[in-house]
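Working notes for the structure below.
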Amino acid sequence: MDASSHIDLHSFTVEIEFSSGGEPYATETYKVEATDWYRAQRDAIEMSVSSPYDNDRIPNLTRRVITQ
């Protein structure tokens with residue numbers, strides 16, 4: 001690896017809120033190593049699809065980032 005290609009990662013704590021029909025029912029906190037806050041949010045959202053709260057039987061399931 002060339003020294004000029006090194007990318008600094010930072011630790012972020014991202015909280016994801018799960019909602020059904022606009023009503024929140026759960027939150028999960030993810031520790032993410034990323035280059036910036038926007039990447040950390042995206043990575044946490046992607047990680048949240050493996051959550052037990054992400055269930056096809058939940059009507060109108062949505063999720064959003066609520067804290068950093």
Should Arg39 and Phe12 be marked as a side-chain contact (heavy atoms from CB on, under 4.5 Å) after you check the CA-CA gap, both sets of side-chain angles, and the distance that decides it?
-> CA-CA 10 Å; Arg39 176 68 185 239; Phe12 295 91; over 6 Å; no
Heavy-atom side-chain contact between Thr13 and Thr29 under 4.5 Å | yes
Shortest non-hydrogen separation from Arg64 to Ile66 and the atoms involved = CZ-CG2, 3.5 Å
Are side-chain heavy atoms of Leu9 and Thr35 found at a separation under 4.5 Å?
-> yes
Short side-chain to backbone donor-acceptor contact, Tyr53 and Tyr25, under 3.5 Å | no
Val32 and Ala40: which non-hydrogen atoms are nearest, and at how many Å?
-> CG1-CA, 3.8 Å
Which is it for Leu61 and Asn55 under the side-chain contact (heavy atoms from CB on, under 4.5 Å) test, yes or no, and what are the steps along the way?
-> CA-CA 8 Å; Leu61 173 65; Asn55 188 311; 6.0 Å; no
Would you check if Arg42 and Tyr38 make a side-chain contact, meaning some heavy-atom pair closer than 4.5 Å?
-> no
So, for Thr27 and Glu17, which heavy atoms are closest and what is the spacing to 0.1 Å?
-> CG2-CA, 4.0 Å
Can you tell me how far CD of Glu23 sits from OG1 of Thr62, rounded to the nearest 0.5 angstrom?
-> 10.5 Å
With Ser11, which residues qualify under side chain to side chain donor-acceptor pair (under 3.5 Å), at least two apart?
-> Glu33
Does the side chain of Tyr30 reach to within under 4.5 Å of the side chain of Ser51, using non-hydrogen atoms?
-> yes
Short side-chain to backbone donor-acceptor contact, Ser20 and Pro59, under 3.5 Å | yes
